[in-house]
Amino acid sequence: MEKTGQREQWGSRLGFILATAGSAIGLGNIWRFPYAAGENGGAAFIIIYLIAVILIGFPLMCTEVALGRKTQKNPVGAFSALAPGKPWRIVGMLIVIVAAFILSYYSIIGGWSLAYMTKSVAAGFKPGVNYEELFGGHISKIGEPILWHGLFMILTLAIIESGVIKGIQKWSKILMPSLFFLLIAMAIRSLTLPGASGGIEFFLKPDFSKITFSTIQAAISQAFYSLSIGMGPLITYGSYLSRDDNITDNVGWVAGMDTLVAIIAGLAIFPAVFAMGYDPDAGAGLAFITLPAVFSQMPGGSVFGFIFFLLLSVAALTSSMSLLEVVVAWLIDERGWERKKASIGLGIIVFIIGLPATLGYSVLSDVKFLGMDLLDTYDFITNNMVLPITGLFTCLFAAYVWKTENVMEEINNPKGKISFGSLYRILIMVIIPIAVCFIMIMNLIEKFGA
Ligand code: PHE
């Protein structure tokens, strides 16, 4: 399609690795993974998760990156370049739309995070405050959460508007090392608190009796979400990767870093939660209610509270950048828009898509879908329903339309330390599609109760 000028490329291998790790490392690592592990058998869950990452996540990530690099296009362009005609274009379109929806609620949570960061400076985390009420009070206001959501979107679009090298790569190189550093500092503080061992036990103690079909489902879904599979960032970031760079080794780094951060996050969070005598929790409740209460009891708590919310904001920002880039790349490649106009225009649209979900705790609190508020509904529809579908179609596309030998040629060229052979063929043609269908069916049974 028409392009204005040359397509940008990452300045270095590190640029691609850090930007893609930035997409992968997000709320999924910090608040989903640790709790999923603790609840589902600790180290036993982590082993299953690792198997899912190696056998399902890694091959699919390489496939998506290869699809982007081969076609040098956004998801819509990439599918249609290799299979002209409507049906596959629709899959690409679905990916782009879903990226916009995830971004809209990711930005709301990013906004909460920024708000709590400023709260930790302004008021600190003091004992005697009811943090559940504080959080409820914050999200059920009208103006404030909208303002923070808007601010978070402005940060995201400002980076994307500056382009692949001057925006995404530059900021990933600053933000990702900072995130590692802050997380390690938190883990050291948390692990050295008296009473930390209860948290380590909750998070890591292997309990193989907890491994059931639903644990396996949880591990596979977590791998999909955490590695940003089926949502477009891998295709899009792959389209800026040079033909001289090897795909498998680079993606291996990303998957490894993502897993490491998830594990360190568990070690940063649960020892402190248990040391201060709180119960573990999942999701927003853990980050915005339990942890502030934990910080309020901890020596140096306000500083660590600030560090935590800074870390959460950074993790959310690098993921949201990758989501906005998916949609922006589509407008640039397929519709010939200028980057600046595309970033600002889409930033505003995504902000508006997020508004109902922001208001889901105030004006629209009566609107429920299967008992879920609007933000949870966005999350449920995108992650539990659409993501497995786009993941499945991507896999079928590679296996039966683009064909495994062609995918492998792209992936193995130039050859890296890891190269793909007949195992890849079996995984992508049979095992992964079955695994994805399995999680789809389990999701439906869980939600709609059979
Ligand atoms: N991988 C991100 C996380 O773990 C979430 C995400 C999904 C980001 C899809 C981009 C695309 O939080």
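Keep in mind the model is a prediction, meaning the values are calculated, not measured. Hydrogens, waters and symmetry mates play no part in the numbers below; they use all other heavy atoms, side chains included. All ligand and atom numbering here is 1-based and tracks the order in the structure.
- Using the six-membered ring where Trp is involved, Phe295 and Phe308 have ring planes that are tilted, between 30° and 60° apart.
- The only option from Leu234, Ile235, Val407 that meets the side-chain contact (heavy atoms from CB on, under 4.5 Å) definition with Leu67 turns out to be Ile235.
- Within the 4.5 Å cutoff, side-chain heavy atoms of Leu312 are placed close to those of Phe288.
- We find that Arg32 and Asp379 are joined by a salt bridge, their nearest charged nitrogen and carboxylate oxygen being less than 4.0 Å apart.
- Side-chain contact of Ser107 with Ser320: a donor-acceptor pair under 3.5 Å is absent, judged by distance alone.
- Protein residues having at least one heavy atom under 4.0 Å from any atom of ligand 1 are Ser23, Ala24, Gly26, Leu27, Gly28, Asn29, Tyr106, Tyr225, Ser226, Ser228, Met231, Pro233, Ser319, Ser322, Leu323, listed by chain and number.
- If you check the side chains of Asn406 and Thr404, you find no donor sitting under 3.5 Å from an acceptor.
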